[in-house]
Amino acid sequence: MRRFLVIRFLQALLALWVITIIVFGLSHLTGSPIDALLPDDASPEQIDNLIRHWGLDRPYHVQYLTFLGNALQGDFGESLKWRGQSALGVVLQRLPATLQLGGLAILISVVVAIPLGVMAAVRKGTTLDASANVIALLGQSLPTFWLGIILIWVFAVGLGWLPTSGYGGITYMILPAVAMAWFQIAALTRLTRSAMLEVLDAEYVKLARLKGVPEWQIVWKHALRNAAIVPLTYFGVLAGSILTGSVVIETVFAWPGTGWLAIEAIRGRDFPVVQTVVLVFAVVYLGLNFIVDALYAYVDPRIRYD
Amino acid sequence: MAAAEPILRVENLRTALDISAGRFVVVDDVSFTLDAGETLGIVGESGSGKSMTALSILRLLPRPVGTIVGGRVILDGEDLLTKTDDEMRRIRGREIGMILQDPHTSLNPVFTIGNQLREALHIQDPSASRSSLKEKAIAALRAVRVAAPEHRVNTYPHQMSGGMKQRVVGAIAISGRPKVIIADEPTTALDVTIQLQYLKLLEELQAETGMGILFITHDFGIVARLCHRIVVMYGGRIVESGPTATVFDHPSHPYTEALLASVPTVERRVERLYAIEGQPPSLASFGAGCRFAPRCPHAMDRCRTETPPSFPGKSGLGVERHGAACWLLEEDRA
């Protein structure tokens, strides 16, 4: 068990290192930040000074090692757009809003999708199964930003039940969270359903019936615990894409989180902030997947390397 | 002395599968009895209806396709076919247990052996405390001769061998002290060396508990070793039934005869084993007449149009003890 987790942890670190290279490379492909920082009529001297100040005249590998060394100490440079603030500070300031909204969306997806998928499998071929299928199909075919706008139109503008956008309490979070969750509910429901269908035919389910185990325990204990691997594996992807998917939804709902920040930073060529956002997302994503791996080994004893 | 009432009596059982191609009767007018302490072998090829008979008795047919359309299954004086689903759930495990074919798939991979045993024990006695359940689980493993049961209760199925797992399945099946155990080819998935051990274990357990065993198999070697009486099934019907030695010595149905001829023995060395021509019948080919007729070397016109009733077998024991459903026997008698 410990060995399994150590191996997974080292793999996550390796992935993170590769991501730093990609982030560094990409931000240098998007053009020089000098153009954005200085007015069009800046003198060549001013430009040279700034280039030297940021170290942009040094070879790429030196720049990368400097970047990596600083990043390891939590120093991602100063924000170019929000003067006087560190890039990490700017991102961490916005991160709680994203985690709040993403957390609610993840909670909604799991709480809706798992029971729906399980019941669809148990009642295969009934109206309930068909309805779950329709919900899944809708969720997968509606683009998130469009769904967000429609939700605003119906529940905020039309019915006036919920605020249209902005930062605030739970009422402000419901619409964007539902918009983000729906697509995931669709995928997760279908995965859970097919995993359950397979497991419900298994011999050990028959054995549980032979033992006289009540049907609800057969479904929720014997079958789901075995089927859980599939939705659980997807959960890592789901959580990751809900957090990164916040870029679109936060913009639609004017939610002041990291996603929205990323868009602003890109517009302003604030590449220390862009790099930080991407790396923070990567750390969150890898962290979640590490938790999923740990749960994985907990759920299925055959996965523990022993 | 009047014969004691059998522990299990199956009367005219009929089970059908409703699939898209139509309704097929897979268990057709099957009747037999099983006494306490007795082992009855149900023998036949794949698709002969032996497993469907077992699942019908337990009322665990695949839903929604499988339905019991007629007959009675009387376990210790009560008809199981009239029970509600909930009553039936209480009967399974306590009154009647089953050992499934493949130990590698019949234990739940994500729970420990002890957990799965304790679950069964808890269902039988919901008031039992945690520690007494643990004790009982260890005792159940010891009962099926699992070495170091205190240690084994904490292991997962994938950490055990096939033979060991099948012992655990057996322990679960007998944990409720059922009156009848149905064993569906429990040794097919085991190594040959382990098979014999397992059969011995079943015999010992039967001697200890007095349970009746319904042993489903296609292996005549096991039948000869273990079963007091046998029922031979073909195409969903019983074609011959009788005491094991009698059926071996006086096979009275051409199908039984052919099956016995296709089994190699040490005494009878042959160059080529006998093979029954043709394929076992598919569901769709079930028509009127004897179902073995298309493959039978002795088939007459009558066999293809009229279903033969049970006639006394060639042993002369009388139809009650040794019967076979073949028109040839009527010819003999005439």
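Numbers restart at 1 for each chain; the letters A, B, ... are given by sequence-line order, proteins then strands.
Counted by atom type alone, B:E185 and B:H218 present one or more donor-acceptor pairs between their side chains at under 3.5 Å. Checking B:S127 against B:D125 by side-chain atom types alone, a donor-acceptor pair falls below 3.5 Å.
Contact of B:L107 with chain A is made through backbone and side chain together, with heavy-atom distances under 4.5 Å. With a 4.5 Å cut-off on non-hydrogen atoms, B:Q116 touches chain A through its backbone and its side chain both. If you measure heavy-atom distances from B:I91 to chain A, you find no contacts under 4.5 Å at all. Looking at A:V299, the atoms closer than 4.5 Å to chain B (heavy atoms on both sides) all sit in the backbone: N, CA, C or O.
A 6.0 Å sphere centred on CD of B:E78 holds no more than 12 heavy atoms belonging to other residues, nucleotides or ligands.
Ranked by heavy-atom pairs shorter than 4.5 Å toward chain A, the options B:G176, B:G97, B:P157, B:A120 are led by B:A120. Options A:L207, A:V213, A:V205, A:L210 differ in how many heavy-atom pairs under 4.5 Å they form with chain B, and the most are formed by A:L210.
Scored by the ring-ring contact (aromatic ring centres under 6.0 Å, His included) test, A:F9 finds A:F290 as partners (sequence neighbours excluded).
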Legend entry - side chain to side chain donor-acceptor pair (under 3.5 Å) between B:R167 and B:Q197, worked out: CA-CA 10 Å; B:R167 280 167 190 264; B:Q197 283 182 21; 3.3 Å; yes
